[in-house]
Every structure is written in structure tokens, then in C-alpha cells.
Amino acid sequence: MTLLDWRSPEHFDHNGDKACVICDKPTPLRSDRGKPVHKVCAEEWIDTHTWKEDTTPGRRR
């Protein structure tokens with residue numbers, strides 16, 4: 001599971017909430033690119049859309 005570190009103040013927009021680009025619910029949070037998105041939504045999106053190597057024991061690569 002991906003965990004993002006959004007403790008930096010740049011991830012909070014004091015100008016008000018905007019609709020999250022993933023779930024459409026309001027959020028004051030912003031991605032590294034300035035897009036309105038909840039941290040949890042971003043983490044779930046990364047986990048869903050990022051290829052992960054199969055680490056099944058005994059499986060040939």
C-alpha cells in the first residue's frame with residue numbers, strides 16, 4: 001500500500017475546497033501538481049494504477 005507524505009504546507013489550499021479529481025467530494029488538499037485530491041484517494045489511485053512486480057515465492061521471472 002502506498003502512503004504519501006503530505007505534511008508539507010503546499011498540500012493545503014487556504015483559498016477553499018475544490019472537488020477532488022477522483023471522488024468529486026470537496027477537499028482543501030492539493031497534489032504535487034496542484035490538483036485537488038484527497039490523500040486517501042491519491043494513494044488508492046496509485047495502488048490501482050501502478051504496476052507491481054509479482055513477488056510470489058517460487059515464481060519464475
Side-chain angles (χ1 to χ4, degrees):
M1 178 175 185
T2 302
L3 295 176
L4 300 172
D5 181 0
W6 280 14
R7 290 179 279 188
S8 172
E10 290 84 29
H11 289 288
F12 187 85
D13 188 348
H14 294 279
N15 294 321
D17 292 355
K18 291 187 179 179
C20 173
V21 296
I22 296 173
C23 75
D24 289 326
K25 294 180 182 173
T27 181
L29 297 177
R30 302 296 182 262
S31 71
D32 288 342
R33 296 182 180 178
K35 302 290 183 184
V37 63
H38 296 103
K39 180 178 178 285
V40 172
C41 290
E43 291 168 343
E44 288 177 4
W45 189 92
I46 290 168
D47 284 343
T48 301
H49 294 90
T50 302
W51 179 81
K52 295 196 170 127
E53 184 177 348
D54 184 356
T55 56
T56 306
R59 180 141 185 182
R60 290 187 179 176
R61 296 180 188 172

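These figures come from a predicted structure and were not determined experimentally. Here, residue 1 is the first one in the sequence, and each next residue gets the next number.
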Parallel, tilted or perpendicular: ring planes of Phe12 versus His14, cut at 30 and 60 degrees: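 Rings of Phe12 and His14: perpendicular, over 60°.
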How far does [atom1] of [X] sit from [atom2] of [Y], to the nearest 0.5 angstrom?
{"X": "Thr2", "Y": "Lys39", "atom1": "OG1", "atom2": "NZ", "answer": "10.0 Å"}
{"X": "Thr27", "Y": "Lys35", "atom1": "OG1", "atom2": "NZ", "answer": "14.5 Å"}
{"X": "Trp45", "Y": "Cys20", "atom1": "CH2", "atom2": "SG", "answer": "12.5 Å"}

Within 6.0 angstrom of Lys18 NZ, more than 12 heavy atoms from elsewhere: no
Any donor-acceptor N/O pair, Glu43 side chain to Met1 backbone, under 3.5 Å: no
Exercise: identify the closest heavy-atom pair between Gly16 and Arg30: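 Heavy-atom minimum between the residues: O-NH2, 3.0 Å.
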Atom of His38, atom of Pro26 and distance for their closest heavy-atom approach: NE2-O, 3.2 Å
hydrophobic_cluster_shared for Trp6 and Val40, side chain cutoff 4.5 Å: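 Looking at the clustering, Trp6 is in a separate group from Val40.
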Test side-chain contact (heavy atoms from CB on, under 4.5 Å) applied to Pro36 and Asp17, Val21, Ile22, Leu29, the passing residue: Val21
